[in-house]
Visitor: 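Take a look at this one; I'll ask things after.
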There are 2 protein chains.
Amino acid sequence: MSAPAAQQPRKPRGPYAKTKATRQRILDAALQVFAESGFRSGSLREISEKVGLSDAGLLHHYPTKAALLEAVLRHRDDVALRDFNIDLEDPRAVVQSFLDITERNMNQPGVVELYCTLSAEATTPDHPAHEFFTERYEWVRGLVVGAFERLAAAGSLNDGVDPRSAGIQLISLMDGLQVQWLLDRSALDMTVEVKRYLDGLARTPFIDPRRR
Amino acid sequence: MSAPAAQQPRKPRGPYAKTKATRQRILDAALQVFAESGFRSGSLREISEKVGLSDAGLLHHYPTKAALLEAVLRHRDDVALRDFNIDLEDPRAVVQSFLDITERNMNQPGVVELYCTLSAEATTPDHPAHEFFTERYEWVRGLVVGAFERLAAAGSLNDGVDPRSAGIQLISLMDGLQVQWLLDRSALDMTVEVKRYLDGLARTPFIDPRRR
DNA sequence: GTCTATAGGGGGATAGAC
DNA sequence: GTCTATCCCCCTATAGAC
């Protein structure tokens with residue numbers, strides 16, 4: 001779920017390019033390490049060990065640590081966008097997708113940890129992922145606020161619900177739930193909470209009954 | 001805002017104890033550094049430089065890096081608890097205090113950054129502040145859920161509002177707002193959003209009109 | 001495409017002098 | 001209570017061999 005698409009690294013020329021597979025393994029390992037320790041204290045050493053490569057071997061594929069981080073973030077977002085393939089013009093589908101993403105997230109705590117840790121770390125302006133996250137939040141906020149605005153215009157929201165606030169709050173809710181959930185997974189069910197929040201916004205539920 | 005109270009470091013015996021003042025300066029500097037960089041990549045070096053002390057001088061007051069972190073977190077919570085001095089038996093006062101804290105937070109982004117960064121970092125079980133945060137969240141959740149339960153019993157909540165969900169969501173909302181706010185302070189007003197969320201829970205507003 | 005070797009910098013913590 | 005000196009660890013990145 002990211003604004004611009006990513007450009008592929010480089011020439012996948014050979015007939016059976018092991019390169020692609022290696023890079024995939026690097027991304028997987030990097031995700032794990034950055035999720036566990038964040039960017040700053042996660043080390044290339046740990047990543048290269050996980051992959052079974054030397055440090056220099058790893059840096060052949062991604063020239064710097066920051067470049068590797070970029071690649072991990074963009075890759076995750078590309079995968080998510082492709083898997084869900086949301087119709088951005090349909091406000092109900094957009095809102096529904098937030099619930100779908102929450103549900104998926106409960107099955108991949110590693111990714112949740114990655115975004116939690118990194119988004120907090122990247123609030124500092126000099127962090128290599130700072131721009132990525134500011135742009136990402138701006139984009140997501142625009143997406144969901146737009147959806148709520150169209151729903152409001154169609155009279156589908158309760159009186160007194162401000163579309164922009166609802167968008168900001170939905171995003172905040174999801175982010176905040178993740179911290180509590182990561183700290184103690186038995187304390188709450190993220191899907192239930194998101195669903196309840198959405199149900200509170202409208203008399204007629206958003207959720208397509210065929211899907212849940 | 002923490003469950004157990006902290007024990008004071010040690011003997012403040014001398015008549016003009018510079019020790020106390022030094023430790024205060026250390027805590028202030030440590031807060032800044034841990035907020036900016038988190039625990040893992042924030043360095044004692046940077047802290048001791050800010051204070052104007054050598055590394056060893058700093059470690060005389062706090063024997064390890066983890067001990068220093070503990071002290072910073074407990075100190076902040078003690079200060080907040082003392083300043084607000086909430087009547088924990090009055091559910092309206094408890095809910096109101098969340099709004100007060102939000103308002104105060106908007107004037108001290110450093111503290112917000114500290115809790116954001118550290119709570120995310122500390123979701124990993126082996127982090128030195130892991131227990132601190134799990135216990136803290138458990139305690140806060142119990143506090144606010146209890147308040148909502150009493151409000152519900154008194155018929156002060158809208159129909160269909162689940163007290164436990166409302167508590168979990170209020171905390172999540174505050175945490176999530178902080179990330180978005182730190183990334184772009186012009187994007188939203190945390191106080192407004194918390195107030196709107198609370199207003200959505202009850203027909204009669206919680207907020208004491210004498211105070212806002 | 002991957003390796004070894006190495007440069008060059010920080011990091012936390014301890015010992016012992018003042 | 002604070003210092004200097006020191007230990008030994010881990011880190012990112014580059015150069016050049018295979």
Side-chain angles (χ1 to χ4, degrees), chain A residues 8-30 32-34 36-72 121 124 126-129, chain B residues 8-30 32-34 36-72 117-118 121 124 126-129:
Chain A
Q8 287 312 311
R10 268 190 318 165
K11 48 179 175 183
R13 51 175 177 184
Y16 18 104
K18 272 207 307 192
T19 299
K20 200 179 160 191
T22 304
R23 291 202 171 138
Q24 184 58 56
R25 278 168 43 233
I26 292 175
L27 289 181
D28 289 340
Q32 265 186 276
V33 171
F34 286 147
E36 272 273 317
S37 313
F39 171 74
R40 280 194 266 240
S41 66
S43 73
L44 292 181
R45 188 98 66 223
E46 203 180 338
I47 297 168
S48 56
E49 267 171 26
K50 265 196 162 67
V51 180
L53 233 57
S54 70
D55 293 10
L58 195 163
L59 287 169
H60 167 75
H61 294 282
Y62 298 97
T64 67
K65 195 188 180 190
L68 176 56
L69 176 66
E70 271 276 322
V72 171
E121 197 180 20
T124 306
D126 64 332
H127 193 281
Chain B
Q8 286 313 311
R10 267 191 319 167
K11 47 178 174 182
R13 49 171 179 188
Y16 19 103
K18 270 207 308 188
T19 299
K20 199 178 161 192
T22 305
R23 291 201 172 139
Q24 185 56 59
R25 277 166 45 230
I26 292 175
L27 289 181
D28 289 341
Q32 266 187 275
V33 170
F34 287 148
E36 272 273 317
S37 313
F39 171 74
R40 280 195 264 240
S41 64
S43 74
L44 292 182
R45 205 86 79 209
E46 200 181 339
I47 296 168
S48 56
E49 267 171 29
K50 263 196 162 67
V51 179
L53 231 58
S54 70
D55 293 10
L58 196 164
L59 288 169
H60 166 75
H61 295 282
Y62 299 96
T64 67
K65 195 187 178 188
L68 176 56
L69 177 66
E70 272 275 323
V72 171
T117 307
L118 283 180
E121 196 179 21
T124 306
D126 64 333
H127 192 281

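Numbers restart at 1 for each chain; the letters A, B, ... are given by sequence-line order, proteins then strands.
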Visitor: Could you pull out all residues at least two apart from B/Arg25 that satisfy side-chain hydrogen bond (donor to acceptor under 3.5 Å, both in side chains)?
Guide: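 side-chain hydrogen bond (donor to acceptor under 3.5 Å, both in side chains) check on B/Arg25 returns nothing, list empty.
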Visitor: Kindly write out the residues that satisfy side-chain hydrogen bond (donor to acceptor under 3.5 Å, both in side chains) with B/Glu36, not counting sequence neighbours, or none if the list is empty.
Guide: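 Testing B/Glu36 for side-chain hydrogen bond (donor to acceptor under 3.5 Å, both in side chains), a comparison that skips the adjacent residues, returns none.
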Visitor: Taking N or O atoms only and anything under 3.5 Å, show me the protein contacts with nucleotides 12-15 of chain C, one pair per line.
Guide:
| residue | atom | partner | partner atom | Å |
| --- | --- | --- | --- | --- |
| C/dG12 | OP1 | B/Leu44 | N | 3.3 |
| C/dG12 | OP1 | B/Lys65 | NZ | 3.2 |
| C/dG12 | OP2 | B/Leu44 | N | 2.9 |
| C/dA13 | OP2 | B/Lys65 | N | 3.0 |

Visitor: May I have the distance from A/Ile47 (atom CD1) to D/dA13 (atom P), rounded to whole angstrom?
Guide: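 Answer to the nearest Å: 11 Å.
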Visitor: Please report the distance, rounded to the nearest Å, between CZ in B/Phe34 and P in C/dG11.
Guide: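 Spelled out: CZ on B/Phe34 to P on C/dG11 is 12 Å.
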Visitor: Not counting sequence neighbours, which residues clear side-chain hydrogen bond (donor to acceptor under 3.5 Å, both in side chains) with A/Ser48? List them please.
Guide: A/Asp55
Visitor: By the salt bridge (charged side-chain N to carboxylate O under 4.0 Å, His left out) test, which pairs, at least two apart or in different chains, include something from residues 62-72 of chain B?
Guide: B/Glu70-B/Arg74
Visitor: Rounded to whole Å, how long is the line connecting atom CZ of A/Arg23 with atom P of C/dG1?
Guide: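 From A/Arg23 CZ to C/dG1 P: 7 Å.
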Visitor: Could you tell me the separation between the CD1 atom of A/Ile26 and the P atom of C/dG1, rounded to a whole number of Å?
Guide: 11 Å
Visitor: Using atom CG of A/Leu58 as one end and atom P of C/dC3 as the other, report the distance to the nearest whole Å.
Guide: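 In whole Å, C/dC3 P and A/Leu58 CG are 10 Å from each other.
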Visitor: Separation of B/His61 atom NE2 from D/dC3 atom C1', in whole Å?
Guide: 12 Å
Visitor: Quick one: A/Tyr62 OH to C/dT2 C1', roughly how many Å, whole number?
Guide: 16 Å
Visitor: Can you list the residues that meet the side-chain hydrogen bond (donor to acceptor under 3.5 Å, both in side chains) rule with B/Asp28, with sequence neighbours excluded?
Guide: B/Gln24
Visitor: Nearest whole angstrom, please: distance from the C1' of D/dT12 to the CG of A/Leu69.
Guide: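 Interatomic distance, CG of A/Leu69 to C1' of D/dT12: 15 Å.
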